[in-house]
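First the structure, in the form of structure tokens, and then the observations on it.
Here is the naming used below: chain letters follow the sequence lines, and residue numbers restart at 1 for every chain. Keep in mind the model is a prediction, meaning the values are calculated, not measured.
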Amino acid sequence: MLQLTIQIAVNGLTFGLIYILMALGFTLIFGIMRVVNFAHGEFYMVGAIGILLLFGTLGFNYYLSIVFAVLCVGLLGVIVERVLLRGFVGRELNSMIMALAVAITLQALAAILFGPQEQSVARPVTGVLQVAGVFIPRDRIVVGVIALAVLIAFYLFLRYARYGLAMRAVAQDPAAAALQGIRPGFIYSLAFGVGSLLAGLAGALMAPVYTISPFMGDVPMMMAFIVVILGGLGSIPGAVVGGLLLGFVESLFSTFFGSTIATMIAFGMVVLILLFKPSGLMGRAQ
Amino acid sequence: MTMRSVLLALGFVAIVVWPFLVDNTFYTHIGVSVWMFTILALSMNLMLRMGQLSLAHGAIMGLGAYTAALLMLRLDVPFLPAFICSGLVGALVAAITGPVMLRVKGVYFVLLTFAFGEIIVLMFIDWVSLFGGHNGIFGVPRAELFGFVLRDRSYSYLFALGLAALAYLILRWIYSTETGAVIDALHDDEDLARSLGVNALGYRIGIFIVSGFMAGIAGGFYASYFTFVTPESFTFWTAVDALVMNILGGIALPLGAVIGAVMLVPLPELLRDSQEYQILFYGLILIFFLKFLPDGVVGVIKSLSTDSSRSLGKRFMKILAWRQVK
């Protein structure tokens, strides 16, 4: 029983870290630009395709491929923000529809360039670690450690770096931030770039674990939605709490009742939160 | 003016006799799909008009489709009562969930309906004994009106066209009454409307019920026309399709939803061989409209017919004034 509990907790933690990675960017973009980024799953997908190309086809070092792929996704995010989304900042419904259009277009481009079929890359790390009867796949440990490191770096960036501070300022009060000489346009690009970079990292990390296809982003985007609503749209601590919560709930219910029921429970939590506390578990009331 | 009414009459006749004009099952099928999705797009137009985008409308259509399918297959209910029930189930879902869900506004409502819709689709998938899981339900009987089975696609076409026309007229009628004015007021400034004594939530629920009925009817038609239903057809992407139809056509008028359906529905059917390019085209055209024509085709027509004529008139007046000065 204890072993099972620990196993469920470990599984929940490994799911949760990836969810947090997805949700952080999503919530950052919403907090700063008021854009519900329906294209977030597509940046995840582009990150995974980067690994397919660099690590799978060209045979570069896996970790080097991650760095390069993730930077490219960040750049793509900046371009998308600058060219397509900038005019819609603050208009929640229209910007959301524009993000949907971006999602559709990116999916189609990926399908045209890389084919619609599911592909896979060799796992750079294999094997299973067994500690006190609990099984942990080694590749999941790598994913977890990298995700955790990036999360801490991201936290330090927001907390102490000049631009991190500027981002938080714009999220709190764009007008007051502008009065302090912070250029909102630059912060929008930065936030969207960092947000898509984090999504791309999640995709790059999960590429060897799951199969890669143009439509692989749908499920992680849904998970990011759930996490962010549970924690509170725009709230960074909320994304962490929501991600861990979703990871554990998913791990618990899929162990006993199957994954469809687990997803249903997650959506059920979303409905309840939206009805009774729309600002989320950690969000500020509006 | 007479020229215009002649053209309109010709267009109307062409739409009605379309299946007999083309005499081709494939083009007739496209026509049926167009009018079926017109109903869904119109039901979405009601929601957009009051400023609440629902991503659950695909799932509500699905509930209608499964209702009609199950009633006819399992309980041997004749088509017409089953068909009406599919609409009633849509309305019932709206009536039950509306009082709670419609309190939520803006992005939160979109995400709420998104989650709600996906739960319904997951229920279709997971409750295999009732809904048949991923395989769905096959062998749904075809529509039968007053003892006449719509085996021929041309008759399905006329049935779908009739339903779409009815939905269109209902929307026109709603928008022309005081209810329409209230809906617009709720969209523009809800606080002001409420301060004037308007029961905002009541109106929203009423509109949601009508909209849910229409989405359910679209589903009931879907089940009997395709003779099968699967959960994949009713995810939030179906609601997105209905939304995109409204944006391309223009949200301001119900005619926009119709135009959008006519523009968009034939696309996947005509480009069936190159699905990726079809999706790409879909995404690009959506970006183009959002960026350059945010009011859709209806907006373009409006600006052509009013603004430019006004500015032409202005220019004419200027020329006259200039001549007199000279």
* Against chain A, work out which of B:L290, B:V100, B:L284 has the most heavy-atom pairs shorter than 4.5 Å and name it. => B:L290

* Asked: In terms of heavy-atom pairs under 4.5 Å with chain A, which of B:A115, B:G106, B:G51 leads?
  -> B:A115

* To do: Going by the side chain to side chain contact (heavy atoms under 4.5 Å, CB included) test, name the single residue among A:V270, A:V228, A:L233 that passes it with B:L111.
  => A:L233

* To do: Quick one: pull up CE in A:M264 and CD1 in B:I125 and give me the separation to the nearest 0.5 Å.
  => 9.5 Å

* Looking at CG of B:L286 and CD1 of A:I97, how far apart are the two atoms once the value is rounded to the nearest 0.5 Å? -> 8.0 Å

* What distance separates B:I279 CD1 from A:I112 CD1, expressed to the nearest 0.5 Å? -> 8.5 Å

* Taking B:Y282, B:Y277, B:F289, B:F116 one by one, which has the highest count of heavy-atom pairs under 4.5 Å against chain A? -> B:Y277

* Considering only heavy atoms, which portion of B:V104 lies under 4.5 Å from any heavy atom of chain A: side chain, backbone, both, or neither? -> side chain

* Structure fact -> Residue from A:L84, A:T105, A:I273, A:V36 scoring the most non-hydrogen pairs under 4.5 Å with chain B is A:T105

* Asked: What's the spacing between B:D126 CG and A:F257 CZ if we round to 0.5 Å?
  -> 11.5 Å

* Side chain from CB out, backbone as N, CA, C, O: work out which of these in B:L53 comes under 4.5 Å of a heavy atom of chain A, or both, or neither. => side chain

* Tell me, please, which residues at least two apart from B:F288 pass ring pair (Phe, Tyr, Trp, His ring centres under 6.0 Å). => B:F292

* Give the minimum heavy-atom separation between A:E92 and B:V107, together with the two atoms involved. => OE1-CG2, 3.0 Å

* Using non-hydrogen atoms and a 4.5 Å limit, figure out which bit of A:V35 sits close to chain B: side chain, backbone, both or neither. => neither

* If you count the non-hydrogen atoms of other residues, nucleotides and ligands that lie under 6.0 Å from CZ in B:F281, is the total more than 12? -> no

* To do: Enter the distance from B:Q52:CD to A:L93:CG here, rounded to the nearest 0.5 Å.
  => 9.5 Å

* Structure fact -> In this structure, CD1 of A:I226 is separated from CD of B:E118 (nearest 0.5 Å) by 9.5 Å

* Answer yes or no: is there a side-chain heavy-atom contact under 4.5 Å between B:K291 and A:M98? => yes

* Asked: Heavy-atom count around A:R91 CZ within 6.0 Å, excluding the residue itself: above 12?
  -> yes

* Spell out the residues in residues 234-249 of chain B that have some non-hydrogen atom less than 4.5 Å away from a non-hydrogen atom of chain A, in order of number; otherwise answer 'none'. => B:F236, B:W237, B:V240, B:L243, B:I247

* Nearest heavy-atom pair of A:P116 and B:E276: which atoms, and what distance? -> CG-OE2, 3.4 Å

